[in-house]
Amino acid sequence: MATSTGMEIIALEEHYWDPVITDTFAGPNSSRRGELLDRLYDVRDLRIKEMDEAGIDIQVLSHGAPSAQRLDAQTGPAIAREANDILHTTVKAHPDRFAAFAALATAHPESAADELERCVKDLGFKGAMIHGLTNGKFCDGEEYWPIFARAEALDVPIYLHPGYPHPDVIAAYYEDYLGKFPALATAGWGYTVETATQAIRMVLSGVFDAHPKLQMILGHMGETLPFLLWRVNSALSRVENIQTRSFREIFEAHFHVTTSGNFSNPALLCTVQEMGIDRIMFSVDYPFVENKPGVEWAEQLNFSREDREKILSGNVRKLLKL
Ligand code: ZN
């Protein structure tokens, strides 16, 4: 599939829903309706048609938020396993168009680590995606490190995706505006705060000293962190000897960024300046965002052919070993 630039395009924050997992959803993420639902539940004709129309060659599929993060430790592992097996069947039906990130029941970290290994070794998955809080907790706590240890050993990245904010945060920060502006708690702001906080906490936790080869991915042009990197680094570096490397050094060595749902030239230029061209990868956030505007934006980027190729497919091919 060649676009007007003639370049291959791979997108890696592209979601679907499976009733095996969504039947367990309750609350804000269960209220999706209409055409969006049709697209979320389709992993065949409609999806591929819309990929073709936009010129997207490959989608790396991931279950949509909150995915397996609200499952409990007892029932979660079996549900995630079943969903991953079904996703494997989806990819096998169109191996030239789809790849996959695993859903992990993070409430049971040891079994989530085992499931990641099964998905990578037996099913050919390319990593995993974690959606926000695990039943109210960020995943930088040491009880979750078995997952990151296994990702490092398997040499696959973990994608930190937004999830709905903590109920106390909703009540304190957003609630009075949600009637009129429900997206304030999600893509309008709340998702960003949650996910940037999760990434910052991971840097501070020491998990990257314990697992020096671990690689993470952030969507939405890095959830504001490239823009704030100087200030965050400056403020957190005032504490002496908290770790062997500065915040900046750790962030730049362990995080990759995608363009999902944030097709902004100024944001991209800032991200290139802070992260370098080799850590930026094209994504859409389908079906919450349409494919075409993303591809049209990527095609007008006034970068060298070599750099555009890296963003559109080269960097992700390297990171995910596609
Ligand atoms: Zn997304």
Side-chain angles (χ1 to χ4, degrees), residues 9-18 21-22 25 27-33 35-43 47 50-51 54 56 58-70 83 87 90 98-104 106 125-134 139 157-165 182-199 216-225 255-264 267-268 271 280-295 297-298 316 319-320:
I9 300 182
I10 302 172
L12 62 147
E13 193 194 305
E14 317 311 320
H15 307 298
Y16 75 101
W17 272 6
D18 182 334
I21 287 183
T22 58
F25 285 6
N29 293 90
S30 64
S31 60
R32 305 284 186 184
R33 293 280 176 273
E35 282 188 14
L36 180 59
L37 277 187
D38 294 341
R39 285 174 169 77
L40 279 166
Y41 284 114
D42 173 86
V43 284
R47 182 173 294 257
E50 294 192 345
M51 288 166 67
I56 292 174
I58 298 173
Q59 281 190 346
V60 183
L61 297 171
S62 51
H63 200 284
S67 190
Q69 269 57 67
R70 286 196 207 146
L87 179 55
T90 297
F98 295 141
F101 284 132
L104 301 177
T106 41
F125 284 19
K126 305 304 177 188
M129 183 176 280
I130 294 175
H131 297 258
L133 303 170
T134 295
C139 68
I158 303 287
Y159 202 126
L160 289 180
H161 187 275
Y164 206 68
L184 180 65
T186 58
W189 186 236
Y191 276 174
T192 308
V193 174
E194 289 292 300
T195 318
T197 304
Q198 174 65 94
M216 311 296 294
I217 306 171
L218 289 172
H220 315 108
M221 214 71 89
E223 311 287 0
T224 70
L225 289 175
F255 281 84
H256 304 254
V257 160
T258 78
T259 66
S260 59
N262 194 352
F263 309 137
S264 157
L268 178 62
T271 306
I280 303 170
M281 301 174 285
F282 176 76
S283 287
V284 173
D285 206 355
Y286 180 92
F288 302 105
V289 177
E290 288 176 48
N291 289 332
K292 263 189 183 170
V295 171
W297 169 73
V316 66
L319 182 65
L320 302 188

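Everything numeric in this text was worked out from a predicted model, so none of it was measured. Whatever order the structure lists them in is the order used to number ligands and atoms, beginning at 1.
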May I have the angle between H15 NE2 and H161 NE2 with its vertex at the Zn ion (ligand 1), rounded to 10°?
90°
Distance-only polar pair, side chains of T90 and Y16, donor-acceptor under 3.5 Å
no
If I consider every N, O or S atom in D285, which one ends up closest to the Zn ion (ligand 1)? I only need its name.
OD1
Given 3.5 Å as the limit, does a donor-acceptor pair link the side chain of S283 with the main chain of L12, or not?
yes
Anything under 30° is parallel, anything over 60° is perpendicular, the rest tilted; go ahead and classify H131 against H161.
tilted
Donor-acceptor pair, Q69 side chain versus L104 backbone, under 3.5 Å?
yes
Among N, O or S atoms, E13 approaches the Zn ion (ligand 1) most closely through OE2
